[in-house]
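Before any comments, here is the structure.
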Amino acid sequence: MMNQIPVLVIMTAVKILLVLVVFLTCIAYTVLMERKVLGYIQLRYGPNRVGPWGLFQPLADAIKLLFKEEFTPPGGNKVLFVLAPIVTAVPAFLPLAAIPFASQILPDSISLYGYKLDLTAAGLNQGVIADINVGLLYVFAMGSLSVYGAVLGGWASNNKYSLLGGLRLSAQMVSYEIFLGLSVIGVLMLAGSLSLVKIVEAQKSMWFIAYQPLGFVLFMIAAFAECARTPFDLIECENELVAGYQTEYSSMKYGVFMMGEYGHILVASALATTLFLGGWQGPVLPPIAWFMIKTFALVFFFIWVRGTFPRFRFDQLMKLGWKVMLPLCLVNILFTGIIIQFLQR
Amino acid sequence: MQMIFFILAGVALVSGGLVVFQRHPLRSALWLIVNFFAVAGIYLLAHAEFIAAIQIIVYAGAIMVLFLFVIMLLNLRQPEEEQRFMHLGQKVGGITLALFTVLLLVYGVCKVVLPPGKEAPAGLGNTESIAKLLFTDYLLPFEVTSVLLLVAIVGAVVLAKSKLK
């Protein structure tokens, strides 16, 4: 019996890399999808010059961003200015580790050059990088860190608009995190576990959206606010704040902020799919295809809303949060608890 | 495992020290976040995944954001306080007192033998066992804590709104 650990480590690294590459490609094409869909909503064509139907547009965007002038505002904090985009993007990628995208992607054991390799040891056969038993809390923990990018970027820019934008966004995100957490408690009560793999398995007979319609609506509203998307995109209030905390950012630093933003949208969609829409489960098609279809349907919904709704005012945002969302979340938890208790008798 | 613990402990100690030694409050706050992460890692090594996640969500994700918020709103861009002149006697006295306190603390910590904690209910995960203990044996402290927090919230609202009249 040879020592399996190095092989397993390498295989896990390859798996993580694969997921990351697919995710980054998805981010690039989400940007293109947004531009295309918004174009059609507004009776335009959207980008269609680079490649067939504009399919190589993300590549052109990336090259353009790389060659743009890099500007660091004088008087700000240089280290934090560079750190802020990274602090935004990395927490947007990390939740991916706990979100299951398929049931089983490899057999339990494979033979490699005549050696038998047990894949269950490192969970390599599973369609998830790490089945953490507090998976959902892990996802929320990483989500709660993305505020720092906005706060630090706004502060390090040495610009009043940036600072105000950063403060405004952090107030928004700290408030709506609470509702994001409260809106999924119904799902947790039904599944009886924090592990995302177990939550998907619990939806075998029926998706949780059928039992938790209010929970789903509240989750989506909170997710829109967390991603700072229309109708909650108050940081992009051009007439008040120029471009919020991103005002002073240019070149690839701006690009990394954008990657973080679209990464958040994708992760929020994937999480909503996992929690409410049955995850990778579905007939005929392979699990990964179902996962992708559901996730991108929600991404489309994000874009659709952006093309349709006007923006909230900041006091309306806070009123909606604390006077409407919070009571509704609590009522949802209360009724779910009562119903579960009665059904068990 | 042990090596990971020592790395995390080292990070926690160094960042904790930097929290105290930084002159700028914002830098102190940022180093405190690093410290929270190292401590969360140590919780993970102790198989307390729930506590680790809560540590990040509550401390790093919420409380420190509010701290940064306050620091930025107060606009402490430069440490405006000039370095105060200190007498030699003050320095020597302060250092002696600090060393004495550290010695006393180390002695106390070495002396105390902690009784083993309550055994976690068998066959349950981290989150379940915490929940079970919290809602059975420790129900009263749990509820009292929630009342205490409510009192604090009411107090904060009263303090903030009393000026608006």
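Quick note on labels: first sequence line is chain A, next is B, and so on, each numbered from 1. Both backbone and side-chain heavy atoms feed into the values below; hydrogens, waters and symmetry mates do not. Source: prediction; values computed, not measured.
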**Study point:** Working for side-chain contact (heavy atoms from CB on, under 4.5 Å), residues A/Y148 and B/L68
**Key:** CA-CA 9 Å; A/Y148 283 117; B/L68 286 184; 3.5 Å; yes

**Study point:** Rounded distance [0.5 Å steps], CD in B/E128 versus CG in A/L194
**Key:** 7.5 Å

Point to revise | Options B/A53, B/A60, B/A62, ranked by heavy-atom pairs under 4.5 Å with chain A, top entry | key: B/A60

Check your understanding: Any chance CZ of A/F314 has more than 12 other-residue heavy atoms, nucleotides or ligands included, within less than 6.0 Å?
Key -> yes

**Study point:** Side chain, backbone, both or neither of A/V174 within contact of chain B (heavy atoms, under 4.5 Å)
**Key:** side chain

Exercise for review: Give the member of A/L167, A/V147, A/I178 that has the highest number of heavy-atom pairs under 4.5 Å with chain B.
Suggested key: A/L167

**Study point:** Side-chain heavy-atom pair B/L30, A/L80 within 4.5 angstrom cut-off
**Key:** yes

Check your understanding: Are B/I57 and A/Y138 close enough that some pair of their side-chain heavy atoms sits under 4.5 Å apart?
Key -> no

